[in-house]
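Each chain gets a letter, A, B and so on, in the order its sequence line appears, and its residues count up from 1.
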Amino acid sequence: MVKFITAKEATHFFKNGQTVMIGGFLNCGNPQDVITEILKTNLKDFTLIANDTATPEDSRGKLVVAHKIKKAIVSHIGTNQETVRQYNAKEIEVDLQPQGTLAERIRAAGAGLGGILTPVGLNTLVAENKQIITVDNKQYLLETPLKADVAIIYATYADKFGNLAFHGSTKNFNVLMPMAADVVIVEAENISEQPLSPDNIVVPGIFVDYMIKKENNGTD
Amino acid sequence: MVKFITAKEATHFFKNGQTVMIGGFLNCGNPQDVITEILKTNLKDFTLIANDTATPEDSRGKLVVAHKIKKAIVSHIGTNQETVRQYNAKEIEVDLQPQGTLAERIRAAGAGLGGILTPVGLNTLVAENKQIITVDNKQYLLETPLKADVAIIYATYADKFGNLAFHGSTKNFNVLMPMAADVVIVEAENISEQPLSPDNIVVPGIFVDYMIKKENNGTD
Amino acid sequence: MELTKEQAQEIIARRVAREFKDGDVVTLGIGLPTKAISYVSDDVHIIVQSENGVLGVGAYQDDSNRDPHIINAGGFGVTINDGGCFVDSLTAFAMMRGGHIDLTVLGALQVDAEGNLANWCIPGKFTPGMGGAMDLVVGTKRLIIAMEHTAKGAPKILQKCTLPLTVAHKVNTIITEKAVFEIINNKLILREISPYSSLDEIRQTTDAEFIVDLTA
Amino acid sequence: MELTKEQAQEIIARRVAREFKDGDVVTLGIGLPTKAISYVSDDVHIIVQSENGVLGVGAYQDDSNRDPHIINAGGFGVTINDGGCFVDSLTAFAMMRGGHIDLTVLGALQVDAEGNLANWCIPGKFTPGMGGAMDLVVGTKRLIIAMEHTAKGAPKILQKCTLPLTVAHKVNTIITEKAVFEIINNKLILREISPYSSLDEIRQTTDAEFIVDLTA
């Protein structure tokens, strides 16, 4: 059952070298408060799984600037010039993934699948060192599951049972990651005592371990 | 863009021998009106993809009774004694699928995947004639996509743009099938002129071709 | 002691109920496993998942709250508890396969000393289909088989299942009206003898080798 | 005729706009492809999908409707049209990969006579990542590349791409300020010569063999 904690308390659930998923897409639907607290600690050497590394001033982007990310498994780094700089200087390892493949790999982990077959990336650098499997005379890449030790998730609405719902384009990876991480920490803008409508819940509370009332009510 | 038609007009989109997906789980979230009209026609020899064959009196179960189903790809037939009888008498072909595998195969078709790797069915009859693929030293069955010519779908709420939402346990396979069929016909209980809330839409209208105002406002 | 079917089922359901821990997310097979809910103690709150897409299954509906849009996996009208939610079939099974269910209780046609389970098909006689059973058993953190010890006098706990399997090597615990077994590393271990049975009777009605270790 | 960058981009955007059919679901790359929307005729209603999970992208936000929770794939605040909806990233990409997008318009670093596209990586120099581009191009029913004909004078339409590919054999149409090409069965076919260009100029600035067939 979900426990309500502070962002500072959330830092206790991280260890150096862990794999951390962080929801959000560029400047939208980003958790911020736990990251702010992590920046005050000596935690480091994380492998980040996220859509992108945002900007140097925003969310997971700040973890890159603070050299807390050893490796980034993301679809895009172009919006964060510090990630690009560290990548060119070989200070960070970057494993670029097609965005849809990244989403499917996270889902596969959460759904207990051994992988999925996708046509995306065939005949490109993405196919290197990957198994090609033929189904019905068509070739596909075998993409394997991606899971994390901890996930930091944004939600617009939550209830005391840990159920989540979202406004606008904040669903992005926030919907997928809670099933694919051992420990799930949610920063919610609005937390209600009353249960959310069971018809409209997007992430069931059973996937959420810890809930934080988000300090800043913008998305960043 | 979605077209509004009658259940009778919907029968024009079927041909003998087609593969038809029908949403619903036992007695819940079942489309009925199009099936009632199909029963009045000479249409036959369908391959049915559905969770189950319901009961002899309900929805897709009636198509079995009327001998319109040549083959059923379902997870369960035990609730329809007529399916069981036809199966034992070799009047119908039944391809039993683990329910979660059935859902994943339908999703794979809709999502453009070549298949998924699942541990479900290993070391059982389900594994017969299937490719076994090893990932990270664990074995998985390769399950391939399932698509349909036409899907008949139930929805509780719809808007004039074809967007769908659901009440209660009616989501079941109704949410998955619209992406996996060439022609998608929806029977909706409530159709509003006003758009549904973009935050709460479960099936986007771009997956829906034809919409029928459901005659009977129960689920069956 | 000769028990009626009803008595046997109540004994099993009461014993199963003791396996639920506060906060557990559980999935229960239709019939006997579902009956266990009635006997869960008041200080234990569990979240019941139903494969048709209900998380937080509540009591059966009555005349005060009929809603044909809410059923459990057996097709019966149920309510949903506060904090529950409805999901589609894909998500319901992702929950199971992905290891998000703490405990699954199912019936069986046969179960064997290696933890194999058969509960979906008697070739040539009765093949209702596996429904969600194969998915349920693969991902659950713990699998309990709750069933009467014998069927018309014939043992259901065997050295090796003869019917088509639902899953191999996954059963953790077997609860019958006569006994509780655990299966660890492909070994069947007798853990409890019901007050209504005896070691002798269990030996006579169990067609598998087992270790007796009542200390755990 | 020498065009400014702005003029070239407007010509391309106007030409791209004519490719949209009423009811089309389209995905547009950031920058030039997105500009085409401004020139769609009033009787053509398209549904714009954005990979970050918006279906039915509307106008950019202004002071009357700021909402930081709604952005497009470029990170800019946008509105959502009536009938639109928000989805998660998994669903957004299932739409693309699953063949549910009628038309995709993207920019390119290079495109070649076999329909290969390179637009995500210049090894050792500039690797922003593929983002959603590889998924976008695989499943779309039709793929249009909209780009300036050359980059600093150097051809971008080649016999064979030299940069790492985004996708192989998928480009259907190339629209530049000078020309419109189609690619059919690995053959590059010149379909239109812009009023601001000539066949000679196109030959000089295109580093690929092409068939001239202006009749289609």
For B:Leu117 and A:Ile116, what are the C-alpha separation, side-chain angles and deciding distance, and is it a side chain to side chain contact (heavy atoms under 4.5 Å, CB included)?
-> CA-CA 6 Å; B:Leu117 305 185; A:Ile116 56 100; over 6 Å; no
Test side chain to side chain contact (heavy atoms under 4.5 Å, CB included) on A:Leu113 and B:Thr118 and set out the steps.
-> CA-CA 5 Å; A:Leu113 300 177; B:Thr118 179; 4.2 Å; yes
A:Tyr87 atom OH: more than 12 heavy-atom contacts under 6.0 Å = no
Please say whether more than 12 non-hydrogen atoms of neighbouring residues, nucleotides or ligands are located less than 6.0 Å from NZ in B:Lys3.
-> no
Quick one: side-chain hydrogen bond (donor to acceptor under 3.5 Å, both in side chains) partners of A:Ser169, sequence neighbours excluded?
-> none
Does anything in residues 195-206 of chain A get under 4.5 Å of chain B by heavy atoms, and if so which residues?
-> A:Asp199, A:Asn200
Chain A contacts, top residue of B:Lys171, B:Gln131, B:Arg107 (heavy-atom pairs, under 4.5 Å) = B:Arg107
Shortest non-hydrogen pair, B:Pro119 vs A:Gly112, comes out as CD-O, 3.4 Å
Give a yes or no on this: more than 12 heavy atoms of other residues, nucleotides or ligands lie within 6.0 Å of atom NZ of B:Lys15.
-> no
Expected contact set for residues 136-144 of chain B against chain A at heavy-atom separation under 4.5 Å reads B:Tyr140, B:Leu142, B:Thr144
Just jot down the side-chain hydrogen bond (donor to acceptor under 3.5 Å, both in side chains) partners of A:Asn51, sequence neighbours excluded, or say none.
-> A:Ser75, A:Gln99
